[in-house]
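Structure record follows, encoded as structure tokens.
When a residue number appears, it is its place in the shown sequence, counting from 1.
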Amino acid sequence: MNPDCTVREWNPGAEKLFHYTQDEAYERDLDELLSGNRNPVYDEALSLTQQVSNGLPVPPTETVRYTKEGEPINVIVAGSPIIVDGSFTGIVATYTDITRLKQKEAEVESLLEEKEQLLKEVHHRVKNHMSTISSIVSLRNNSTDNPEVRSVLQEIHNKIKLMQNIYQTLYTRENVSTVRITSFLDQLITDIRSTYPQSPSLTIETKIK
């Protein structure tokens, strides 16, 4: 670009990307040319141009520009001032098409969202299944008068509840990649201890670092 930010040179890559020929782009205001007559885009492009005009390069910046037909293109733009003998004589601007990259990012985000929804559904079903089993065992326990059967059913019920607590702790938090082991083991040991109420003499000592 010239010092007044009009196009001085327009290479074949720019023609292919934005569909303007060299003659169509020559001496046009670049920001107006690529903003598609959209004020927010033009204002953003103008601010980058002014930055380079003040002698400050623009690092690679992800943004949107428009083709001759008005189609948006995701690009990475960078700019550098041209300084000759200490004088500002123009700007070199580069644009890299990242449309396919953005499409892939959108596909990955969609897949991750689907995976998250699937995991939520799996967790929901697992919790429901364990709750159903626990309820069935509890009902059977209440429907029998046999002390031995009641003892066995109660132990089963306690163990199911223990599994529910472990699952709740490990897989239903926001961050499932890490577990604070001290609090987890303390709760786990407490739950295990309550699963065997028939052993009142049991003493547990822990040293967790």
Side-chain angles (χ1 to χ4, degrees), residues 1-127 168-180:
M1 288 186 286
N2 296 304
D4 62 356
C5 302
T6 57
V7 175
R8 180 190 306 173
E9 296 183 11
W10 188 257
N11 66 20
E15 289 187 3
K16 182 178 179 180
L17 182 58
F18 297 113
H19 305 165
Y20 291 100
T21 66
Q22 182 174 356
D23 290 339
E24 289 173 327
Y26 185 65
E27 293 190 346
R28 293 276 301 276
D29 184 290
L30 184 63
D31 297 329
E32 292 181 357
L33 188 69
L34 302 183
S35 64
N37 295 320
R38 291 165 173 82
N39 285 336
V41 177
Y42 174 77
D43 292 341
E44 179 258 351
L46 181 60
S47 68
L48 297 180
T49 300
Q50 290 174 339
Q51 177 177 325
V52 182
S53 297
N54 291 327
L56 301 175
V58 171
T61 303
E62 185 176 320
T63 186
V64 175
R65 294 294 183 264
Y66 288 83
T67 67
K68 177 181 178 180
E69 297 78 20
E71 293 295 326
I73 301 178
N74 292 293
V75 296
I76 292 179
V77 59
S80 299
I82 301 173
I83 307 296
V84 178
D85 295 331
S87 299
F88 173 71
T89 61
I91 296 172
V92 173
T94 61
Y95 296 86
T96 304
D97 185 3
I98 58 170
T99 300
R100 293 184 63 184
L101 176 61
K102 297 298 290 185
Q103 290 173 345
K104 294 298 182 182
E105 287 181 356
E107 291 175 7
V108 170
E109 289 178 2
S110 178
L111 290 173
L112 289 176
E113 184 176 350
E114 290 179 9
K115 179 181 177 181
E116 183 178 351
Q117 293 300 322
L118 179 60
L119 286 175
K120 287 181 179 179
E121 179 65 21
V122 170
H123 293 329
H124 178 70
R125 289 180 179 272
V126 169
K127 290 169 61 180
Q168 180 75 19
T169 302
L170 290 178
Y171 298 111
T172 59
R173 299 171 300 111
E174 290 187 4
N175 182 8
V176 297
S177 61
T178 59
V179 175
R180 188 174 295 279

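The backbone N or O of Pro57 lies less than 3.5 Å from a partner atom in the side chain of Gln51, making a donor-acceptor pair. No donor-acceptor distance shorter than 3.5 angstrom exists from the side chain of Asn54 to the backbone of Leu56, with no hydrogens or angles considered. Panel note: side chain Thr49, backbone Ala45; a donor-acceptor pair is recorded below 3.5 Å. Judged purely by atom type and a 3.5 angstrom limit, Asn11 uses its side chain to pair as donor or acceptor with the backbone of Gly13.
Rounded to the nearest 0.5 Å, atoms CG (Leu48) and CG (Asp43) are 11.0 Å apart. To the nearest 0.5 Å, atoms CG (Leu30) and SG (Cys5) are separated by 8.5 Å. Here CG of Asp31 is found 5.5 Å from CG of Leu46. Values are rounded to the nearest 0.5 Å. Here OH of Tyr26 is found 7.0 Å from CG of Asn2. Values are rounded to the nearest 0.5 Å. Gln50 contributes atom CD, which lies 10.0 Å from atom CD1 of Ile91 (distance to the nearest 0.5 angstrom). Taken from CD in Glu109 to CD in Glu116, the straight-line distance is 12.0 Å, to the nearest 0.5 Å.
For the residue pair Ser87/Asp85, the side-chain donor-acceptor check at 3.5 Å is not satisfied. Neither side chain, Thr21 nor Asp23, offers a donor N or O lying under 3.5 Å from an acceptor on the other.
Listed here is the closest heavy atom pair of Ile73 and Leu17: CD1-O, 3.2 Å. Looking at every heavy atom in both residues, Val58 comes nearest to Val77 through CG1-O, 4.4 Å. Contact record, Arg8 with Met1: NH2-O, 3.7 Å, taken as the closest heavy-atom pair. Minimum interatomic distance between Leu33 and Ala25 (heavy atoms only, all atoms of both residues): CD2-CB, 3.9 Å. Closest non-hydrogen pair, Ile83 versus Phe88, comes out as CD1-CA, 3.8 Å. Across every non-hydrogen atom of Glu24 and Arg28, the tightest pair is O-CG, 3.2 Å.
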Next on the checklist: Between Arg65 and Glu44, does the salt bridge (charged side-chain N to carboxylate O under 4.0 Å, His left out) criterion hold? Intermediate values first, please.
Outcome noted: CA-CA 10 Å; Arg65 294 294 183 264; Glu44 179 258 351; 2.8 Å; yes

Item to check | From CA spacing to verdict: side chain to side chain contact (heavy atoms under 4.5 Å, CB included), Asn74, Val64 | outcome: CA-CA 5 Å; Asn74 292 293; Val64 175; 3.7 Å; yes

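With a 6.0 Å radius and a threshold of 12 heavy atoms from other residues, nucleotides or ligands, His124 has its NE2 atom at or below the threshold. Counted within 6.0 Å of CD on Glu113, heavy atoms from surrounding residues, nucleotides or ligands total 12 or fewer; the atom is thus considered open.
Taking the six-membered ring where tryptophan is involved, the planes of Trp10 and Tyr20 are perpendicular, since the angle between them exceeds 60° and thus also 30°.
For Ser35, the side-chain contact (heavy atoms from CB on, under 4.5 Å) partners two or more places apart in sequence, or in a different chain, are Val41, Tyr42. By the side-chain hydrogen bond (donor to acceptor under 3.5 Å, both in side chains) test, Tyr66 pairs with Arg38, sequence neighbours left out. In this structure Thr89 satisfies the side-chain contact (heavy atoms from CB on, under 4.5 Å) test together with Ile82, Val84, sequence neighbours excluded.
Counting heavy atoms from C-beta outward, Glu62 and Lys102 have side chains that approach closer than 4.5 Å. Residues Leu118 and Glu114 are not in side-chain contact: their nearest non-hydrogen atoms beyond the backbone lie 4.5 Å or more apart.
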